[in-house]
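Throughout, a chain's letter reflects where its sequence line sits, starting with A, and its residues are numbered from 1.
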Amino acid sequence: MSIVPKETIEVIAQSVGITNLSADAALALAPDVEYRMREIMQEAIKCMRHSRRTILTREDVDGALSLRNVEPVYGFASGGPLQFKRALGHRDLFYVDDRDVDIRDIIEAPLPKAPLDSAVVCHWLAIEGVQPAIPENAPVGAPSNGKDYEQKGGHSVDIKLPVKHVLSRELQLYFDKITELTVSKSDSVLFKEALVSLATDSGLHPLVPYFTCFVADEVSRGLNDYSLLFALMRVVWSLLQNSHINMEPYLHQLMPSVATCLVSRKLGNKAAENHWELRDFTAKLVASMCKKFGHVYNTLQTRLTRTLLNALLDPKRTLTQHYGAIQGLAALGPKVVHLLILPNLEPYLRLLEPEMLLETQKNATKRYEAWRVYGALLHAAGECIHDRLKIFPPFPSLQAQAVWKTNAKVITTAPNKRKASREPMDIEPPLKRTETDVQALASTSPSSPHMQEGTVTPPPSSDSGVGQSSSDGKVIDDGRAGSGVGKQKGDSQALKTSAILKQVWKEDLNSGQLLVQLFELFGEGILSFIPAPETSLFL
Amino acid sequence: MENLQTVNNFVAAYLKKKGFQDAEQFLEDLQNKDSTPIDFQNDPDLANFIQPFSRSEDDPSRYHEGYGKLRSWTFSLPDLYKRELVRVLYPFFIHSFMDLVAKGHVQEARTFFNTFHEDHEMIHLRDLQKLEGVVSQSHLEEMEFARSLRQRKVNVKICQYSYDLLLQYLRKTESTTMLAVINEHINFQVIPGQSSSIPDDAEVVSLIGDRQDVNQKEILWGLLEDSLEERLEKAGGLLSDSEKAEGETKEGDIDETKKRSVESGKQGASTKKLKKDKAVNATAKAARPEPTTASAAPRVNPELPLPIMPTEVEQSILEDLRKRVQLSSVPLPSVSFYTFVNTHNGLNCSSISHDGSLVAGGFSDSSLKVWDMAKLGQEAASSVLQNENDSSTSEHVMGPNGGKRSYTLFQGHSGPVYSATFSPLGDFILSSSADTTIRLWSTKLNANLVCYKGHNYPVWDVQFSPVGHFFASSSHDRTARIWSMDRIQPLRVMAGHLSDVDCVQWHANCNYIATGSSDKTVRMWDVQSGECVRIFIGHRSMILSLAVSPDGRHMASGDEDGTIMMWDLSSGRCVTPLMGHTSCVWTLAFSCEGSLLASGSADCTVKLWDVTTSTKVPRSEEKSGSANRLRSLKTLPTKSTPVYSLQFSKRNVLFAAGTLSKTV
């Protein structure tokens, strides 16, 4: 009947000390209360309008009450809007949140700043009907009631000052923390968390220029600190992964430092530190950068490849630099390899060969480096040829399937299988360590999906033997063994389809020639990249 | 009873003779059913069909049923008549509701209201909001709006055919309750002809009855004789004639113009006879081919003793008039905007002096602050920083804590200041406040001169007359009052509005004032007699601002919803509504030659409207409805600053003021 239920009247009556209010009286009072309230609100709205406001305030209601000669409502003089809270256990019962305030707190609190005195500022809203584009006017075309600009100080003078880039306190703390972790505790769990945060958090965009600067600075300063460099590259990688950040404007600053980590003469202080791993990682980083921003920043890849190729074709550069260059180019994709590496492969191998042989190169480190380079080349060439050959649809799918199938068995049968997988490599030159590396590279290269892990995770360190390599981590083992098994299984299965494939293969003479050429250069090492039926075909 | 019976018999016989078989049958049925008397007081046509309204039969559900049926029938009508009859539904609705309340069926009244109020919400939203709260007989008597509705009959203009349709329907369905409503509360004015001939405006269904009579009174909307503009024209002509003679002293110039003005006074005497409204119209029409300059308006004699203007002031005004920029739809004015900052939501009103050099703000903390923009400009030029010492500021700007104030503070009121107005010369300010007083301040002495007490409730608005000396005020006590500066008692009290008088404005010739009220009407009052001479009905919410065109012929009023209406003063009709604002129109101003209307609103825009295109339209075209909409020329958005006041200077620069608010 009325929007004020009689229960409300009863509650109010109780609150003023009338306990025996009859139900009839409450029922009769309720509509009248509603009417009076409407009346008061109508007057309050008048007061609001005459105060040139569109929002009703407490003062308006007080004004309306005083118009009716009613005592105003006390106790609501605070400036802010009232906070209503829902009473626990009731869906539609609300109360005003009125906290107890310790009077001492108020007395001891510092005096708030005195409010600014009112003032009048003058500007041209329009000159002969045209609005000048000055900060005092609403931006043309924008809705005028937007909260576009807060003229807090009143005077619009500070608008003309150069825009200050203000970093919030939180962001500053965040930046400090991240940089500290990167520099000093890059192997901690916390750093891993930090990387995840960098890769996923939104709102980091204001920090990007600072990170860019930080990376550039640290790389140029800390070329001898392997772990720092690796940590930095990981930071860059994480930033690149973050979908909320647009790295494109900062690439030109980042690229030199990243390229340094790829083709620098010396990374890290001790030989024990696995700078190969860093180079591999950086190569992947570079490739992902090119992939991500190649279309917007179209000179990126050309500039990068030019740098890398220069590094590769300069015989004065060290082998480590060559390695980085090869890895970088290889990461950019088989097409790049085909275009840039393969034509130079033969002369380069001729240079490399003496370095690899025990007789000509006495320095074990150098020799190892040479083998590393050789492995990288082999890998790159293999990738390339694999890419060329895999245009035939039925085969890779078969192989991949086979790999997946056999994967499950891997763990139990791993030692055995690995032995088997190593068999084709036995023809390889004697050096044990190198052999493992090559094998590792070779076996990880086929592009079945889970093989990617192989490239990310470091191959066994140079001084570890074959036996140690098995303890290196299950992922690698799985990958390696899996691929080996895959190949073998694929072998048998594919033999059946080889008849069909033969025809297809004949058509691609180019590939064939390339294969032959590579075979000549690399010997049987290349064969592991080539799907088995073709091997049989060509052999 | 006996007498009644004979009458009935007589009617029956008459009907038989004339062959009205239906009616005869109906009458018989009536007589058989009950014997309570029939109301014959209305026109016989109606009375024939109206069944008696008997309390014994009174059943609350009948209203619901009767109205519901009538409504669905109305909506099923062909469009031509539907339009008319849907409008008629509203009086049925409110009176049915109030009948229910009056008889104590509160619950049923509520249900009835909730069921049907949506139909009328679009047009009558605010009335409905008021009525919604009415839940008992005593409320009906207490509430001004309800009482006025109950006491008066609603006037409804309706065409013959629609009227017949309605009656036929009510008769067939025997909707006694609805017929009773017609009987008691509705006064049909049947118009012969097609329904389309009835103008489509709000006054077709007018809830306030006496308007028609009021608006018949004549009104002299012409300008004052011997005004400065007139003199300027003569002087202008003189100047162009004797451009070489400019070396003459200005004294001589003025003398010349005075001579001319004496002549023109003689001419004016001959036209004085043409005081009748229509005659004035005719002359105006005849003068139409001429451009819209104010001179086309007829001259009238001032009814108030006008103050004498000092010569040097006169001279400066003439100078201004000469330099005035001619505005029309193409050359738009320059707008200078005064933004109040750091008002902490306390600014209630602002006012700008006629030359734009002084700005006053009335605050809710009872203070009135006046900024001298000329001085402020100098300071700003010399010092941007606030703490810089500047010796040019006088003592009065020193605050209590020794800090510098950029304004003059006037303290004296004991309640929020709701309005402020500058005298034409800028030497006085009037302010009105919630403490029921109006105070006169001198800007020269920086002191309060007079406190005018007379109103019993907060004074919403105060306005100086265009010649100064006199001023008008409006208040919550539903009156408007005329005062002169030298008396502390009001000279006239204008009573008649049904609710608060929210704003007041002088007519250009000082003989009339216009008032806008919360009862959604604008009234025009004769200053001399204190009579209401016009009622303008059409707004759907509270009137917030008024402006009278410089030629005295038109008036604009702005309301709470953002609608602006242009009124023709002589006919009392709305020329055209101006739609565009989305929130309260706080202020309106005509440019000096009357070609532009500027409006400032709570939606943070200043809009400029072309007034000439519509006012020039001949009356024949005017009737054709929406063809003559006023053109909105330009919308100037501000930066979250609602516009509180607008003022065209004599040279046609528009000054605007508003407070920067973050919440809007």
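Using a 4.5 Å cut-off between heavy atoms, L636(B) touches chain A through backbone and side chain atoms alike. There is no contact between P416(B) and chain A, counting heavy-atom distances below 4.5 Å. With a threshold of 4.5 angstrom between heavy atoms, R53(A) approaches chain B through its backbone and through its side chain. Contact annotation for V417(B): neither backbone nor side-chain heavy atoms come within less than 4.5 Å of a heavy atom of chain A. For E43(A), the part lying near chain B is the side chain, with the backbone staying farther off; criterion is any non-hydrogen pair under 4.5 Å. Heavy atoms closer than 4.5 Å to chain A are found in the backbone of Q129(B), but not in its side chain. There is no contact between L654(B) and chain A, counting heavy-atom distances below 4.5 Å. Heavy atoms of H139(B) lying under 4.5 Å from chain A belong to its backbone as well as its side chain. Of the atoms belonging to S432(B), not a single heavy atom falls under 4.5 Å from chain A. Heavy-atom distances place no part of S364(B) under 4.5 Å from chain A, backbone and side chain included. Interface remark: R52(A) contributes backbone and side-chain atoms alike to the contact with chain B (heavy atom separation under 4.5 Å).
W371(B) and S118(A) make their closest contact through CZ2-O, 3.7 Å (heavy atoms, listed as atom of the first residue, atom of the second, distance). Residue V335(B) comes nearest to W124(A) through the heavy atom pair O-CE3, 3.3 Å, listed as atom of the first residue, atom of the second, then distance. The two residues E128(A) and S334(B) come nearest to each other via the heavy atoms N-OG, 3.0 Å. For the residue pair D117(A) and N342(B), the shortest heavy atom distance occurs at O-ND2, 3.3 Å. The minimum heavy-atom distance between L67(A) and Y457(B), with the atom names listed, is O-CE2, 3.4 Å. Here the closest non-hydrogen pair linking M373(B) and C122(A) is CE-CB, 3.9 Å.
In terms of heavy-atom pairs under 4.5 angstrom with chain A, the leader among D502(B), T343(B), V359(B) is D502(B). Ranked by heavy-atom pairs under 4.5 Å with chain A, the first of Y338(B), F655(B), W460(B), Y418(B) is W460(B).
I127(A) contributes atom CD1, which lies 9.5 Å from atom OG of S336(B) (distance to the nearest 0.5 angstrom). For the atom pair CZ of R49(A) and CE of M542(B), the computed distance is 7.0 Å after rounding to the nearest 0.5 Å.
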Please test T339(B) against V120(A) for side chain to side chain contact (heavy atoms under 4.5 Å, CB included), starting from the C-alpha separation and ending with a verdict.
CA-CA 5 Å; T339(B) 313; V120(A) 173; over 6 Å; no
The test is salt bridge (Lys or Arg N to Asp or Glu O under 4.0 Å); show your working for D500(B) and K46(A) and say whether it passes.
CA-CA 9 Å; D500(B) 304 33; K46(A) 276 182 198 163; 2.6 Å; yes
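Judged by distance alone, the side chains of H50(A) and N348(B) never bring a donor and an acceptor atom under 3.5 Å apart.
Of the possible polar contacts, one joining the Q131(A) side chain to the P637(B) backbone as a donor-acceptor pair under 3.5 Å is found.
Environment of CD1 in I106(A): crowded, with over 12 heavy atoms of neighbouring residues, nucleotides or ligands closer than 6.0 Å.
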